[in-house]
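Here's the structure, in structure tokens; my notes come after.
Whatever order the structure lists ligands and atoms in, that order sets their numbers, starting from 1. Hydrogens, waters and symmetry mates play no part in the numbers below; they use all other heavy atoms, side chains included.
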Amino acid sequence: MEAMTISAIIVAAGRGARLGGDVPKQYRLLSGRPVLGHTIRSLLASDQVTEVIVVINPRDGALYAPIAESIADDRLKPAVLGGDNRSVSVRSGLKAAAGDYVAIHDGARPMVPLDALDRVFTQARRTGAAFLALPVTDAVWQVTDGKAATALPRDAIWRAQTPQVFERRAIMAAHAAHDGSADDDVAIAVAAGLDVLPVRGSQRNIKITFAEDLVLAEQQLGTHMDIRTGNGFDVHKFGDGDHVILCGLKIPHDRGLVGHSDADVAMHAVTDALFGAIAEGDIGQWFPPSDPQWKGAASEVFLRKAAERVAARGYRISNIDCTLICEAPKIGPNSERMRHNLAAILGLSLDRVAVKATTSEKLGFTGRQEGIVAQASVLVFKP
Ligand code: MG
């Protein structure tokens, strides 16, 4: 069989008054991207679609331009102008379309699944006209004077979705013969005597009409939470002294840790993990050892800075996990107070902060008690 070309016509010229607000619903953000951007991409996802023609309102050019620019696909053709009346907009799209078939789709249906597209394209190729729809499962009542009057036979009732797919010449002729007042293109095709077959659509293929539809669509798209991890690593060597400072806690020891600041190796690792999670360099870049103002500094200053940067970028810390590697001093008896210190500085609940310790079985430089190693992992997220 010769390949049949399909033009997708996305009708996006309406003003969406029911949603409220100044921005038409097809330009509202859904998971950080305009609804219409999702819609265009969902149709381009089908390799059966040979071109996409978006019909926009003449007033929406500035809203549409960045969407078109963000989509690098030659099949997306220049937008055509429509109007407030749906049929007028569809006719503008039909005039620009070149495909053997046209798939007319609502701009405010951002999530039509690929398998549903496959089903409706296949049916349309067989019989000339098909549309996505869902059988009604609720009881359906005709209401008269505000009261349930007549139960309708739901077996015979389908809720229409889009795309609605037709042979291009047939639907153009149907539009030419119609006065244009119709809820959808199935109505126009049926009025022209075409047989239009319902094909099982999808619950995902919702139409954004009311504000709560955007919330529902967000949920269906899944949580697009921006989650990042970071890890930090630090080493400080032992030198003269009578204590070490770990996670801000002064622990008596027969040696001290050598460093430009207070040599809090654990807090340095946590700080670097936070800088790493947001890809903002490391502790050495923020606080150069060559800068005398950090001499002997309490490392809490560094940690607070990293936490401040995480917050400034819109992230929240989910948890911190820090491991110290040393033979001595003993970390276990001190780890609770160390956790408390970190939790207090970072404003976290205690159950989100872990401080653990291990030895290296007397192997290597930590085994020879020449220094302490600290490693840290963090997870940050943008709600
Ligand atoms: Mg350090």
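For the Mg ion (ligand 1), the count of nearby protein N, O or S atoms, meaning those under 2.8 Å away, is 3.
The stretch residues 174-194 participates, sequence neighbours left out, in these salt bridge (Lys or Arg N to Asp or Glu O under 4.0 Å) pairs: Arg86-Asp185.
With a 4.5 Å cut-off on side-chain heavy atoms, Met111 and Asn205 do not count as touching.
Using a 4.5 Å cut-off between side-chain heavy atoms of Ile, Leu, Val, Met, Phe, Trp and Tyr, Val88 forms no hydrophobic cluster with any other residue.
Considering only residues two or more places apart in sequence or on other chains, Asp262 meets the side-chain contact (heavy atoms from CB on, under 4.5 Å) condition with Ile245, Asp264, His268, Ala298, Ser299.
The aromatic ring centres of Phe238 and His253 sit less than 6.0 Å apart.
Between Phe302 and Trp294, the ring-plane angle classifies as perpendicular under the 30° and 60° cut-offs.
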